Amino acid sequence: MPTSSASTTDSAKSASGGVQSLERAFDLLERMADAGGEVGLSELSASSGLPLPTIHRLMRTLVVCGYVRQQPNRRYALGPRLIRLGESASRLLGTWARPYLARLVEETGETANMALLDGDEIVYVAQVPSKHSMRMFTEVGRRVLPHSTGVGKALLANTPDAEVRALLARTGMPAATEKTITTPDAYLAALEDVRRQGYAVDDNEQEIGVRCLAVSVPNSPTSAAISISGPAGRVTQAVTERIVPVLQQVAVELSQALASQNPA
């Protein structure tokens, strides 16, 4: 019995040797995430270049599996089963990062952290504490707003200004200390400094007496940043000039390690 052209298309091998329908399904999920988590079929067709019947079949399968749900307005949203996958992946990402954070602690003497941008919040996924008796501690899993943290600045530095303003409008900019940046214009100026310098600073903005230096992890599979934090009296400007190159190098090596977890 002859196979329909549509079935042949969906089950065909991709140019990379994988299953084309799987690659297309994951591409649609990523496009949904990029669009804020909810889209219509016509939007997906326009952005992906796939015909509507193909997208409808793929989305119907994702709905049945629980990875997508159809809203009352007939648009499609990312489904709850993705949360479990994301939480497991975040834990693994933190596990893979720990040896690199440990190296940061050895070379800088300060507590090292890894954080992700999850929606509008920063979530810490890994930490290796300093060996100093006076050291910083952030609980893994803790969520904070990005405007008062070094990792938040590092993660948002290359985000378009309009998107940053929209995020700040949703979260507000409450002051954690008297040094917290609390206006969008001042925050955008701080992000410009991050782009110019190649690193971000939290200078007593989240907690008085604490200074943090952060850089993004380039080409990470999800937006990630690493940082060191310590007493402001130890993390001085002179120390910053020594620590930043170490942070940047470790971020590059971590990026390469994460890429190697998914060989082509």
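All heavy atoms count here, side chains included; hydrogens, waters and symmetry mates do not. The first residue in the sequence is number 1, and the count goes up from there. The structure presented is a predicted model; accordingly, all values stated were derived computationally and were not measured.
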Test Q237 against R211 for side chain to side chain contact (heavy atoms under 4.5 Å, CB included), laying out the working first. CA-CA 10 Å; Q237 185 56 45; R211 201 159 185 264; 3.7 Å; yes
Can you tell me how far the [atom1] atom of [X] sits from the [atom2] atom of [Y], to the nearest 0.5 Å?
| X | Y | atom1 | atom2 | result |
| --- | --- | --- | --- | --- |
| S227 | D202 | OG | CG | 9.0 Å |
| Y199 | I243 | OH | CD1 | 10.5 Å |
| L167 | T159 | CG | OG1 | 8.5 Å |
| K153 | E205 | NZ | CD | 3.5 Å |
| Q127 | R98 | CD | CZ | 9.0 Å |
| R234 | I228 | CZ | CD1 | 9.5 Å |

Here the pair of heavy atoms bringing N204 nearest to G209 is OD1-N, 2.6 Å
Closest non-hydrogen atom pair between L101 and A126, with its separation: CD1-CB, 3.7 Å
Between S48 (side chain) and L44 (backbone), is there a donor-acceptor pair under 3.5 Å? yes
Reference residue H147; test side-chain contact (heavy atoms from CB on, under 4.5 Å); the match among T183, I181, L168, L156: L168
Criterion side chain to side chain contact (heavy atoms under 4.5 Å, CB included) on L213 and T240, from CA distance to verdict: CA-CA 8 Å; L213 308 173; T240 296; 3.8 Å; yes
Would you kindly confirm whether [X] and [Y] end up in one hydrophobic cluster when ILVMFWY residues are joined by side chain heavy atoms under 4.5 Å apart?
| X | Y | answer |
| --- | --- | --- |
| L247 | V250 | yes |
| L117 | L191 | yes |
| I122 | L145 | no |

Can you confirm whether R74 is buried at CZ, in the sense that more than 12 heavy atoms of other residues, nucleotides or ligands lie under 6.0 Å from that atom? no
Using a 6.0 Å cut-off, check whether atom CG of N219 has over 12 heavy atoms from anything other than its own residue. no
Apply side chain to side chain contact (heavy atoms under 4.5 Å, CB included) to M59 and M32, showing your working. CA-CA 11 Å; M59 296 298 282; M32 292 179 71; 3.6 Å; yes
Please collect all salt bridge (charged side-chain N to carboxylate O under 4.0 Å, His left out) contacts where either partner lies in residues 174-185, sequence neighbours excluded, each pair once. R165-D185, K179-D203
For Q71, check side-chain hydrogen bond (donor to acceptor under 3.5 Å, both in side chains) against everything at least two apart and list the hits. E38
Output, in order, the C-alpha distance, side-chain angles, deciding distance and verdict of side chain to side chain contact (heavy atoms under 4.5 Å, CB included) for E192 and L188. CA-CA 6 Å; E192 177 59 34; L188 290 173; over 6 Å; no
Under 3.5 Å side-chain donor-acceptor pair for Q206 and T149: no
V151 and N113, any side-chain heavy atoms less than 4.5 Å apart: no
Charged N to carboxylate O under 4.0 angstrom, [X] versus [Y]?
| X | Y | answer |
| --- | --- | --- |
| R31 | E43 | no |
| R196 | D193 | yes |
| R103 | E106 | no |

Apart from V252 itself, which Ile, Leu, Val, Met, Phe, Trp or Tyr residues share its cluster (side-chain heavy atoms under 4.5 Å, direct or through members)? none
